[in-house]
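So that the names make sense, note that chain A is the first sequence line, chain B the second, and so on, each numbered from 1. Values reported hereafter were calculated over all heavy atoms of this structure, with side chains retained and with hydrogens, waters and symmetry mates removed.
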Amino acid sequence: MISSIVLITGLLLILIGLWGALTHRNILRIIISFSLMGTGTHIVIVAIGYVKNGTAPIIDSALGLAEAPQRAVDPIPSALVVTAIVIGLAVTAIMLAYAIRLYDTKKTLSIEALMESRW
Amino acid sequence: MAELVGSILILIGAFFHFSAGLGMVRMPDAYTRMQAGTKASTLGNTLVLTGLAFYHPGWTLKLVLIIYFVLMTNPVSSHALARAAHFIGIPMAGNSGIDALRDAQQTKRSDP
Amino acid sequence: MMGPNQPNPASLGGGFIVLAALLAVVWIFLNSTIAIELVLTGVLISAGLAYAFTRKTGVWQDVAVSPARLYHFILYTGRFLVELTRANVNMLRYVYAPRIKIAPGIVKINTRLKTPVGRLALANSIALTPGSLVVDIDGDSLFIHCLDLQTIDTDQATRLIAGPFEEQLEKTFG
Amino acid sequence: MRRASIVFAITFFGLLFASVAINHTQSVSLWPLARSYVELVPRELGAPNVITGILLNYRAFDTLGEVAVLFMVAAGVGLVLGRQPNPTVADPPETARPSSEIVQIATRILAPLISVFAAYIIMNGHISAGGGFQGGAVLASCLILWLLADAQFQVDVKLLGLLESVAGVLFVLVGIAGLIFAGGFLDTRVLPLGQLGAFFSAGAIPILSLLLGIKVGCELSVILARFRA
Amino acid sequence: MVGSLLHPLNIFIVGLGGAFLIPLLNRLGSRWVASAFIFALAAMTLMSGISLLEVLNGSPPIDILTGGSKPPYSINLRAGLDEAVFAFGVNLVGLIGAYYFLREKYGTILIYLLLIMGIQGMVMTRDLFNLFVFLEIVSIATYGLLSLRDTPEALSATFKYLMATVLASNFFLIGTILLYATTGLLNIDDLIANQQAIAGPIGFAALIFLLASLLVELKPFPANGWGLDVYETARGDVAALISGGVSTGVFFALLKLLPLFEGQLEIIAAAGVITFVVSNLIGLQQTTAQRLLGYSSIGQIGLLTIAACLLRLANVDSATFLLIAGGLFINHLFAKVGLFWLADYVGKARLQDWSVLKSRPAAFLAFAVLLAAISGFPPFPGFWAKWQLVMVLAQDERYVWIVLILVGSLLEAAYLFRWFGQTLHGPVESQTARAGSGALVPIFALGLLLIISGLITSNLAGLNSFWPLIPLAAGALTLLIAPCPAWVQCLTVLGMALLGGGWLISDVTGLNGLFAVLLLAGGVTIAIASLYRNDTRPGFYPLLAVLLLSLPALPRASTTLEFFFIWELITLSSYFLVVRSRDAQRQALPFLLFSLVAAFFLLAGFAILHADSASYSLSALRTAGPNSAVVFVLLCVGLLIKAGAVGVHVWLPGAYAASDDDVSALLSAVISKVAIFGLLVGTYVAIRSEVSLQLAHVLGWIGMLTTLAAAMMAVCQDDMKRMLAYSSMSQLGYIVAAIALMSHLGWVTALYLVANHLMVKGILFLVAAALIARTGKRLLSDYGGLAGQMPLTFAAASIAILAMSGLPPFVGFGGKWLLLSAMMEKGWYGPALMTLLATFVGFLYMARFIQAIFLGPRRPDYADLEEAPAALLTAQALLIVGILVMSFFPKVLIEPVSRAIDPQFASTLVWQGMSLEMIYGTWNPIPIMLLAVAVSALLFGLFWYLQHAGLFKDMARRLARNLSPLQRFYAFCRTAFGVLTPPWASMFWSRVAVTADDLALCARSIYTGNGQIYSLFILYYVMALYIAAGGLRYLWP
């Protein structure tokens, strides 16, 4: 149940991101949309890793060594999502850098201005 | 018992947070909204964190740190926002028209 | 104005110790243990960070620690919490009133506090007291946004708004 | 026409996602692989935080890869933005209104506190929630705060670059140490595992965590600094 | 210890560690950075090279473990054979290409290093998520490098590229996690092992997302506008990295995951083939070099995709797989990267500006080599890979795929070689290429690597002997003496041809031996004539060497592969010889394209033969099984195209007329005989099956139609080389018909005619060469009365004409007579009648040739013409000797021919001077010949009468008034025959060309330049993939 709600949230975010990336004209908004899509994906990853009644897979006073396999959520997606987030951030940074360069050269942030090459 | 106290504190904190939200909606202009938001959420935070300390006594020291941190940052951020809002000329609600800051800036500009 | 950007090399040592101690305390608070290896690591980290930051800023050299100051700081905290609660109750009155009746405006007050840290504490405190918010600061003058304007006279406003804290703060931060 | 085709595509993906969501069932137990990790990490690596154990040992190759990604982005953003001296670069310090004294002082007070918090997150990655990436990000947030508060603040990009390089090289060296003294490249069991949950434990994981934190913090800071320039 | 230092794991240690060190080294100075950079790349190359060697020597795939633990717990990588080949290739190119980056900022250098390392990671990793990480490393490195050119267009293109690849990598991530949701696994090997667990809507969606992401990264049509824009606008060396490196990594990722997509292999292959064909189609419409290369690049990756999927479906063994996939990959990698580098070197965007290359012969040579490699010519790896691919596909009975692949290859060759022609013939600018010649060194290195890898692949493909490479070696040797004067080069070539050719034919016997002697002798003799030109002809002599040695090598071939290899060598070298001529820009391309189509038909025929008989031996043709009719048709069509049969002859007159004069002689006299030889070898297959014998009858009709039509068209020509070209076509028609008889007599005739035509047409084209050399005129109407000035030439021409026209006692007589007898023997009365008709028409144009040039009133401006150059006369004299020998001692030829022809035919004739003794009795040729002459006279009279009776009056009226009666007669004939031979063929073929261009225009209109539309295309691509794979059932439960 919980994981389904999170999963649907993530998938919806991906859809919203897709919609924004395809409809907005402003490059910055497009970048935000892509970033949103990435966030949605990360949420999906976390949702996939959820185990019913699970807790963080950290052995401490609250979660004993013996009971950990029964009570912990899946650590793999959590590990993956760290990497995925960093990569998403990296891509966003690069996109923003290009947006700045584009604004410098074209003095506009409209995606309509990026139609030089064709055919 | 400790958990009951903690729960009540958290509940009160949540109430203040709610009030902060309501204040943000109800207040007439940017400055007054900021006032509502800052004060109520600061107290709300403090209460919630204190409540948490009853649940997890081991976290008390960390929670104290967080409370101080919130006390330090919340007002500063609202100040920065208010200052920016004033700088770009967002008007105040009401008709008192009293704005010492504007006056000060104008005198400063007229005799550099 | 003695810019906060310029560290004063002469008094670097003082600031360093204060900051390092503060950071070490924070570190121990965060870890909530006093295992020896942990404390030692914390001291090392604190010292390193303190060194780096006192080279960047002179703010910390104004902060001195003494029992008296600590005492005043605690007093101030108590005073502050009372005021904060008052402020919130006050705010609740506005928020839950059927019609919000306020007369906002910005007034100017003057402060006697000289150290930047003190002024910061004052400003923060004011922001959390009933119906007031610091909009700008210029030298010794603070410009306060009041929800319900009671006076436009600087001195009177100073007394009203800064009064509850200024004394303790002066004793704490100088 | 165009709008309609976008709507159609999104609808299709919505349906596709719906079929995924409907058919998804919340798991009630761990996959065998995941279960082995939960058992293995505390036992073999001596790290209570299973995720950190995975990130810094079993999947450390991934981690190394993402460090490389950040490293490249730091360089790449520099390349993209550093092509020509940007006419707006020199402007902000003069024209921008300096932030108020309150913000500046608050920044100077907060920054060391944030840094020590970052250090805490980095150094406790193997014990509790946290780790190099998170701590590094907090470290970089400290820089954002400073940059926001002080328009004239000059970031020493060179120093940061130096730090990140050294951290990266050390990371690889620790990996090689694993190759020579333990089971393989990036094996963290080159140092004694210590007692589970202790500050100095879990082999080289804290060291990797520290290097990672420094590296990520520096890289993010460099990226941010480049953006401001 | 050394072994562990060279372990492939260290590739990553060196790559990452090196990259991290570079900023530190930068403090010491840029020199340090550069040397560390080179050192790291060299070390990586060395390591991957060593692992390649190890795996090649049979050691099991090298496992690379990380994290001190075994998979699936920790990430592992693997360097198997495929991985090692791909990794080594990329490393090598990375190392060579580093040259262009040495002077860049250290940031660029470290990104470059990480990019190369990332590609290795994509190739080697066995963990799905790790693959994602490496994919991102590669992508982000690409984004960084793309900033090296920051024109507004480049920035725009990069942003589009960013949008598309970010979308794709998001899909990859979604696919990965959904796969994890269904299986709980990330290790690729485990996933493959637990494939049955990947089911249901989630598993299916996961697979499709993964697949879509990888396909999109490979830039499939139509979701690839963003990729093209980047190819067009990026710096050449960066575009090279994307085309050669990034695509490689992604392709290998797909290859690795293919076992997961077992159910979608056909769909993936379809995606590949659409991309391959359409990209190459649109390539026809390109005007800028890098965009054109982009289309070609995308097409090549499409081809790789097809190959990977279909080979998996065909279950080929790993050696074959490596040969095909690896060969195609290496070919694409080296050639495309080289061309992109060349684009930087030239520094011109538009194709037409590339003619600046002409001022740099070395660069031009590299250009030609790279183009030939991409187009799949030997000896480059792509040739062998394509050969093997077609063989496998034929075995798997995937004929449609073969057709599509060959169509795509043809389109690609079309635009690449059109570009070559443009470059060769474009206006010369004073301004030369901008880059220093140091920039050429890497390109040359790639060319060399292409040749080396081609030789290695040739070995893998089953070419085990070295002799087929002799022509190439001779060409290379001649290239070395290029600075020498022309005559030195020519004599060297002749010497090599005699020595090498002599060795090549020394142990070839039978029919093949005869052809070998004929081709070698004819080739060398005519090549002697090339001595008459003493200008330096850059590139001419090496090509001549290749050609002259390929000709005798062809009959030596005993396997289809050897045959096809040498066949393509002849095609390529003759194309280059033709295109060199200044007039040949427009004519050389059809020549090449028709030759390629012919070659493709041969390839398909051989492939089906191989599928049928499981043998590469040419002798399998004699024992072909039930499919032999198909094989026969395919071979015949191919060879007929090459022989210029009517309908597919449109390339022939242009190419013959436009080439250099001595090249024309070679083309017509010698190279055309190659097709005849092929026909003789290829039609063995017909003997065994009844169906094929019926088809042979069709072949006979085609031959005679060609003869007649070409003769009539020859009459219509005024340009003497065109006339000779049509004449050549007409004569080949006779030969085809003779072969089609499929009887001993027919084949003897064919060989007889071959020898005859070789000598006669050689002489006539050399005569034309002499005339053009002396006067510079080509139209028959510009000549007249030269018999006095050039008596020797006149004599040679007369002898040749007489020999050709079939008058006793010259060889032509015997040939015609034999042909007629053979036809009568078989009861082919229709073709026999056409032979007579064609003889008559032939007489008309031959007479005109002599009459218009040498007889009649002498033109005043030719008063002081010299006799032809000695070289030409020498060659002619040698050919005349041949004619005389054959005329008066026919046994010299006929008897060995008769013996050599397949003993399966009953021996039917013995030559006894003027009459033939056949097993049916004795035939006296005189009455038949008389009959022929009589019919000719009758027809001649009829035409004369018709003209005078004014039957074609309005036509006649259009003719100029001030003509002599003879001239008026010819003018009439030309008009009449012009009506009889409407230009349907050329109309048809130009229609085909225009249609292809229109289709290309239409297809490329989807590339609007709008990044959001491109992203939308990607979404629709994913949708299409989902639906095509059968996903709809999951959407409507």
Taking E:Ile202, E:Asn130, E:Asn187 one by one, which has the highest count of heavy-atom pairs under 4.5 Å against chain D? E:Asn130
So what's closer than 4.5 Å to chain D heavy atoms on E:Leu9: side chain, backbone, both or neither? side chain
For E:Ala19, is it the side chain, the backbone, both or neither that has a heavy atom under 4.5 Å from a heavy atom of chain D? both
Please state whether the rings of E:Phe101 and E:Tyr112 are parallel, tilted or perpendicular, taking 30° and 60° as the class boundaries. tilted
Between D:Leu56 and chain E, with a heavy-atom cut-off of 4.5 Å, which part of the residue counts as in contact: side chain, backbone, both or neither? neither
Chain D contact via E:Tyr1020 - side chain, backbone, both or neither, heavy atoms under 4.5 Å: side chain
Is it the backbone or the side chain of E:Thr125 that comes under 4.5 Å from a heavy atom of chain D, or both, or neither? neither
Which bit of E:Ile137 is near chain D, if near means a heavy-atom gap under 4.5 Å: side chain, backbone, both or neither? both
Counting only non-hydrogen atoms closer than 4.5 Å, does E:Phe209 touch chain D with its backbone (N, CA, C, O), its side chain (CB onward), both, or neither? side chain
Checking D:Leu179 against chain E: side chain, backbone, both or neither under 4.5 Å from a heavy atom? side chain
At a heavy-atom distance under 4.5 Å, which candidate from E:Ser74, E:Pro23, E:Gly184 has the highest pair count against chain D? E:Gly184
At a 4.5 Å cut-off on heavy atoms, which part of D:Tyr37 comes close to chain E: side chain, backbone, both, or neither? side chain
Answer with side chain, backbone, both or neither: which region of D:Lys215 has an atom nearer than 4.5 Å to a non-hydrogen atom of chain E? side chain
Heavy-atom cut-off 4.5 Å, strictly under: side chain, backbone, both or neither for D:Ile176 against chain E? side chain
Interchain contact, E:Asn76 with chain D, by part (heavy-atom threshold 4.5 Å): neither
Non-hydrogen atoms of chain D under 4.5 Å away: do they reach the side chain of E:Leu146, the backbone, both or neither? neither
For the candidates E:Ile64, E:Ile13, E:Leu65, which exhibits the highest count of non-hydrogen atom pairs separated by less than 4.5 Å from chain D? E:Ile13
Whatever's closer than 4.5 Å to a heavy atom in chain D on E:Ile208 counts as neither
Counting only non-hydrogen atoms closer than 4.5 Å, does D:Ser5 touch chain E with its backbone (N, CA, C, O), its side chain (CB onward), both, or neither? both
For the interface with chain D, which of E:Thr108, E:Asn26, E:Asp127, E:Thr183 has the highest count of heavy-atom pairs at distances below 4.5 Å? E:Thr183
Can you tell me how the ring of E:Tyr73 sits relative to the ring of D:Tyr58, calling it parallel under 30°, perpendicular over 60° and tilted otherwise? tilted
Could you tell me which portion of D:Phe171 (side chain, backbone, both or neither) has an atom closer than 4.5 angstrom to a non-hydrogen atom of chain E? neither
Measure the acute angle between the ring planes of E:Phe12 and E:Phe134, then classify it against the limits of 30° and 60° as parallel, tilted or perpendicular. tilted
